[in-house]
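As structure tokens, the structure follows; a few thoughts come after it.
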Amino acid sequence: MKTIVFVHGMFQNPKSWENWVRFFAERGYDCKAPAWPLHDGAPEGLRHNPPAGLGELSLDEIYNSIEAAVTTLDRPIVIGHSVGGLIAQKLLAPGVVSGAVGIASVAPNAMLDFDWGFIKNSAIITNPFKGDEPVYMDAKTFHGAFANTLSEEAAAAAFEQTATHDSRNVLRDCMGASGRIDLERPHAPLLLIAAEEDEIIPADLCEKNFNAYEDADSITDFRRFVGRSHFICGEPGWEEVATFVAEWLEQNGREISPAPQASTLR
């Protein structure tokens with residue numbers, strides 16, 4: 001049985017992966033969805049009682065916790081959303097995973113886009129004048145920036161069920177040395193997925209991320225989904241995205257195997 005590790009992004013926790021865990025478990029995968037540090041528990045409880053130290057949480061702390069969980073397994077597949085997508089890409093380099101999927105992924109190496117939504121939301125989150133004060137997600141912001149393709153009622157329900165507060169240091173770190181990846185080296189199969197209506201990670205930035213990988217012998221694929229927001233993994237129609245991922249995994253099954261691949265060990 002092949003293992004999939006699901007890695008959530010900012011303003012979410014493992015609750016956001018429940019449908020995906022069930023979907024892939026029904027297809028024979030052993031599914032794990034570890035929480036980032038300070039993100040374990042019910043989202044509502046985390047919003048009402050933000051964990052002490054949340055505002056100081058760094059990308060390195062998150063990556064190290066996910067890497068520690070992954071290395072106890074036999075080169076699993078990793079599927080990550082947003083910052084989780086960047087973590088999935090970072091795990092390809094040391095060869096500890098057999099394949100990766102980044103969905104609406106933060107791009108490595110400080111890649112930027114001039115999309116207004118991206119600039120605005122990135123500036124709000126990384127605001128240097130806020131120091132280590134956490135970013136407190138609210139229902140209005142969640143609807144406008146995170147789940148903008150949903151109705152107000154649907155976005156409010158999604159907010160109640162899945163949203164958390166988060167550390168602005170995580171995105172700051174993504175733009176620095178902790179977010180760097182050697183995109184020239186060979187890697188295990190990678191699929192990058194973009195959401196056309198994403199106000200946080202523009203689809204064009206996801207495609208730029210895809211085009212930046214240089215090794216022609218490594219499998220690197222890209223798919224853009226129209227009419228989807230940053231909440232692509234949870235909004236209505238998420239099954240289409242999950243099915244595409246499942247089919248991609250099946251198509252690349254020979255390359256995605258527990259046995260180490262020579263290309264990932266260079």
Side-chain angles (χ1 to χ4, degrees), residues 1-36 39-43 46 62 65-66 69-70 73 75-92 97-106 142 146-147 149-150 154-155 157-164 166 188-198 200-201 206 221-253 256:
M1 181 182 293
K2 190 63 185 174
T3 302
I4 297 178
V5 176
F6 293 94
V7 185
H8 65 83
M10 291 183 69
F11 308 112
Q12 299 278 273
N13 83 343
K15 176 75 174 178
S16 64
W17 287 120
E18 286 185 349
N19 287 332
W20 285 65
V21 166
R22 183 171 59 254
F23 179 94
F24 281 93
E26 289 172 352
R27 284 155 180 77
Y29 291 93
D30 180 22
C31 298
K32 316 286 186 184
W36 288 5
H39 284 70
D40 197 16
L46 293 170
I62 297 165
S65 72
I66 300 300
V70 164
L73 306 169
R75 297 187 72 245
I77 300 159
V78 62
I79 298 177
H81 172 253
S82 195
V83 172
L86 176 60
I87 291 171
Q89 293 182 68
K90 282 171 64 70
L91 287 167
L92 286 175
V97 299
S98 60
V101 180
I103 304 173
S105 176
V106 171
F142 186 84
F146 207 96
T149 59
L150 274 63
F159 170 81
E160 291 296 331
Q161 294 166 7
T162 71
T164 67
D166 231 311
L190 170 65
L191 170 64
L192 293 174
I193 290 176
E196 188 70 40
E197 302 300 324
D198 197 329
I200 294 178
I201 305 295
C206 292
D221 291 324
F222 175 77
R223 170 65 187 269
R224 184 186 297 238
F225 282 87
V226 299
R228 308 303 174 95
S229 68
H230 197 62
F231 195 53
I232 183 173
C233 296
E235 67 186 331
W238 66 266
E239 297 93 340
E240 180 186 2
V241 184
T243 298
F244 181 84
V245 172
E247 292 174 349
W248 182 84
L249 293 175
E250 291 173 7
Q251 291 166 4
N252 294 284
I256 298 175

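These numbers come from a predicted model, not from an experiment.
When all heavy atoms of Lys15 and Pro43 are compared, the closest pair comes out as CB-CG, 3.9 Å. Residues Pro189 and Ser98 share a closest heavy-atom pair of CD-O, 3.5 Å. Between Gly227 and Glu197, the shortest heavy-atom distance links the atoms CA-CG, 3.8 Å. Taking each heavy atom of Ala188 and Gly99 in turn, the nearest pair found is CB-N, 4.1 Å.
Looking at heavy atoms from C-beta onward, Ile232 lies out of side-chain contact with Asp198 at the 4.5 angstrom threshold. The shortest side-chain heavy-atom distance between Ile256 and Ile77 falls under the 4.5 Å cut-off. Using a 4.5 Å cut-off on side-chain heavy atoms (C-beta onward), Leu150 and Pro236 make contact. At a threshold of 4.5 Å between non-hydrogen side-chain atoms, the residues Trp17 and Gln12 do not count as touching. In this structure, the side chains of Ile201 and Ser105 stay at 4.5 Å or more apart for every pair of heavy atoms.
No donor-acceptor pair under 3.5 Å is formed between the side chain of His39 and the backbone N or O of Leu46. Counting only distance, with no hydrogens or angles, the side chain of Arg228 and the backbone of Glu235 share no donor-acceptor pair below 3.5 Å. Looking at Gln89, its side chain never comes within 3.5 Å of a backbone N or O of Gly102 through a donor-acceptor pair. Proximity of a side-chain donor or acceptor of Trp20 to a complementary backbone N or O of Cys233 within less than 3.5 Å is detected. Panel note: side chain Ser16, backbone Asn13; a donor-acceptor pair is recorded below 3.5 Å. Distance alone, capped at 3.5 Å, places no donor-acceptor pair between the Asp40 side chain and the Ala35 backbone.
Aromatic rings from Phe142 and Phe231 are positioned such that their centres are separated by under 6.0 Å.
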